[in-house]
Enquirer: 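My structure is below; once you've seen it, I'll send some questions.
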Amino acid sequence: MSVETLIFEKGAPGRRTATMTTMDVPTEPLESMIPAQLLRETPAPLPEVSEIELVRHYTHLSQRNFGVETGFYPLGSCTMKYNPKLNEDMAALPGFARIHPLQPQHTVQGTLQLIYELEQYLAEIAGMARVTLQPSAGAHGELTGLMLIKAYHRSRNEEHRHIVLIPDNAHGTNPASATLADYKAVEVKTDSQTGGIEMSHLRALLEANGANLAAIMLTNPNTLGLFDANVAEIARLIHEVGGQLYYDGANANAVLGITRPGDMGFDVVHFNLHKTCSTPHGGGGPGAGPIGVKSHLVPFLPGPLPAKGEQSYYWEEPGPQSIGKVRANTGNFGVLVRAYTYIRTYGPDGLKHIAESAILNANYLKHELAPDYDIAYPLTCQHEFVVTAQRQKDEYSVTALDIAKRLLDFGMYAPTTYFPLIVHEALMIEPTETETRETLDYFVSVMRQINEEARTNPELVTTAPHTTVVGRLDQALAARKPNLRWMAGQEGTH
Ligand SMILES: *Cc1c(COP(=O)(O)O)cnc(C)c1O
């Protein structure tokens, strides 16, 4: 690959793409339509490039991108499943893509119907009374859910409840959301045998702090890929002391159509539509994190909520106890259209089949990898499982990071590394349901080869990747001083 493809500072003053001759129809100059105080005094500093430079730039960037459409992407917890093109077609329909959020309601009846029906589908899938589609991501759903719980306790004059229990294997967003909602996050230990909550620790915490408990946040199956069979008992214990149960729904791909957080005893749940319902994600967006609640929390939901009248759909303004808006009415609407399309495409039986296939694929990989890699919790898993490379580190000085980097040489993305935090040298593997047997077998064969390399030629692994455009980066430098975009005045300097 030439140097040209590696730099952003392209172009030279005066370079242009081909343009048509000036229109001979008289038009009002654009400048006259913009208020004078908003007009620039000097032109914006922009790259001046020829058309071929422009096209090559974006083509090269697209070739250097890795996504689920280029290869296997077993990034645990992130559910990088294939995103059906049908979803894209529907989201691009002009009636959906070209509307304005404040357009008169009678002109956007289809949009309102979609929002209304998606809310109902999600409520049914989760076993909840109502859903708001406003939150833009799982983390945003968590914060919204905790705000609802706070409003609920306040309405009962129990504002002193300030503790949120969170298992030590939870996703980092859980304690972050609890802290942001002005709660104190308290850790619950994982049982080393079952991989679920350590019940004696939970009981002790409730004994000491029950009266101050606001909620517990649980992911089930959890980030070890294990379903906590004590969940009904946990729900009973939490409710007994007046707490609420929050379900982190990021792992819903394992329970779709099989069980529901509402039936497990949860009061609030968020969805990660970008994970479970196949909308493209990564690199920070886009997403949607709707939350569902049981009936006692409905009065606190953000508003407005969609409603169905005799003749039409409309927005219903929220009641006095609502926490207010957490985003524009329609949420991240393009993502919602994709999720709606996905749910309608598969239907109830299809959704269940998705979960079953995701679980089967994960257990197949776990079984095939077990001779070469230690499974952190060697139990039947749900949609994902966690390997520990501690043995490879001890015996060959090859770490989980090295193994992850070496996988890139074979055209695959790496599993999630060093998470959950309670597993040393963790590699968290989630194949999803959309992969073929051949792809799964290829992954297994490469993982076996890497283990063999670690034994016989560890340097090959510790210096990987070798075939990617960019080798091993200085991660701290890349995070602190990223070189991601064109900067004025530095053309040709790299
Ligand atoms: C992805 C994830 C989240 C956060 O969701 P975002 O949509 O990325 O904000 C929370 N919990 C778990 C277990 C996750 O995997």
Side-chain angles (χ1 to χ4, degrees), residues 68 73-81 83 122 126 132-147 164-181 185 188 190 195-197 215-228 231 245-256 261 266 268-292 326-327 331-332 334-336 338-339 358 362 381-386 415-423 426-432:
V68 73
Y73 211 131
L75 191 67
S77 214
C78 295
T79 313
M80 306 302 282
K81 61 171 81 181
N83 318 123
L122 294 175
T132 169
L133 303 176
Q134 281 184 22
S136 312
H140 195 191
E142 291 171 24
L143 179 62
T144 308
L146 291 170
M147 287 163 69
V164 173
L165 296 180
I166 300 174
D168 55 9
N169 63 41
H171 195 267
T173 51
N174 292 185
S177 299
T179 306
L180 205 58
V188 192
T190 295
I197 292 264
I216 188 168
M217 298 179 87
L218 284 183
T219 316
N220 199 22
N222 62 20
T223 64
L224 298 164
L226 301 171
F227 189 86
D228 196 325
V231 66
L245 283 99
Y246 182 95
Y247 184 89
D248 176 336
N251 291 343
N253 213 41
V255 297
L256 284 178
F266 288 89
V268 190
V269 41
H270 83 246
F271 293 86
N272 300 68
L273 294 185
H274 40 295
K275 297 178 182 173
T276 316
C277 292
S278 81
T279 80
H281 61 295
I291 57 172
V326 297
R327 200 187 193 281
N332 208 350
V335 173
L336 303 179
R338 290 172 175 89
C381 66
Q382 300 294 315
H383 64 306
E384 64 192 359
F385 62 99
V386 182
T416 297
T417 52
Y418 300 98
F419 178 76
L421 304 176
I422 57 169
V423 177
L427 287 165
M428 183 192 211
I429 301 170
E430 179 182 10
T432 83

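One-based numbering, in listed order, for ligands and for the atoms of each. A quick note: this is a predicted structure, and the numbers were derived from the prediction, not measured.
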Enquirer: Side chain to side chain contact (heavy atoms under 4.5 Å, CB included), that's the test. Do Met428 and Ser77 meet it? Break it down for me.
Expert: CA-CA 8 Å; Met428 183 192 211; Ser77 214; 3.9 Å; yes
Enquirer: Please write down residue, atom name and distance for the protein heavy atom closest to atom 6 (P) of ligand 1.
Expert: Gly138 N, 3.5 Å
Enquirer: Which residue and non-hydrogen atom of the protein lie closest to atom 12 (C) of ligand 1, and at what distance in Å?
Expert: Ala250 CB, 3.2 Å
Enquirer: For atom 15 (O) of ligand 1, which protein heavy atom lies nearest, and how many Å away is it?
Expert: Ser77 OG, 2.6 Å
Enquirer: Nearest non-hydrogen contact with atom 7 (O) of ligand 1 belongs to which option: His171, His274, His281, Met217?
Expert: His274
Enquirer: Any chance the side chains of Gln134 and Thr144 put a donor and an acceptor closer than 3.5 Å?
Expert: no
Enquirer: Under a 4.0 Å heavy-atom limit, does His140 contact ligand 1 with its side chain, its backbone, both, or neither?
Expert: neither
Enquirer: Do you see a donor-acceptor pair shorter than 3.5 Å between the side chains of Asn169 and Thr190?
Expert: yes
Enquirer: When you compare the side chain of Tyr246 with that of Glu142, does any pair of heavy atoms fall below 4.5 Å?
Expert: yes
Enquirer: Please report which non-hydrogen protein atom sits nearest to atom 1 (C) of ligand 1, along with the residue it belongs to and the distance in Å to one decimal place.
Expert: Lys275 NZ, 1.4 Å
Enquirer: Does the side chain of Phe271 reach to within under 4.5 Å of the side chain of Thr276, using non-hydrogen atoms?
Expert: no
Enquirer: Considering only non-hydrogen protein atoms, determine which one is nearest to atom 5 (O) of ligand 1 and report residue, atom name and distance to 0.1 Å.
Expert: Asn272 ND2, 2.9 Å
Enquirer: Which residue holds the protein heavy atom closest to atom 11 (N) of ligand 1, what is that atom called, and what is the gap in Å?
Expert: Asp248 OD2, 2.6 Å
Enquirer: Using distance alone, with no hydrogens and no angle criterion, decide if Asn251 and Lys275 have a side-chain donor and acceptor under 3.5 Å apart.
Expert: no
Enquirer: Taking side chain as C-beta onward, heavy atoms only, is Leu226 less than 4.5 Å from Pro221?
Expert: no
Enquirer: When you compare the side chains of Asn222 and Asp228, does any donor N or O come within less than 3.5 Å of an acceptor on the partner?
Expert: no
Enquirer: Is ligand 1 less than 4.0 angstrom away from at least one heavy atom of Glu142?
Expert: yes
Enquirer: Please identify which atoms of ligand 1 are closer than 4.0 Å to at least one heavy atom of Ala139.
Expert: 5 (O), 6 (P), 9 (O)
Enquirer: State the atoms of ligand 1, each with its element, that fall below the 4.0 Å cut-off from a heavy-atom position in Ala137.
Expert: 7 (O), 9 (O)
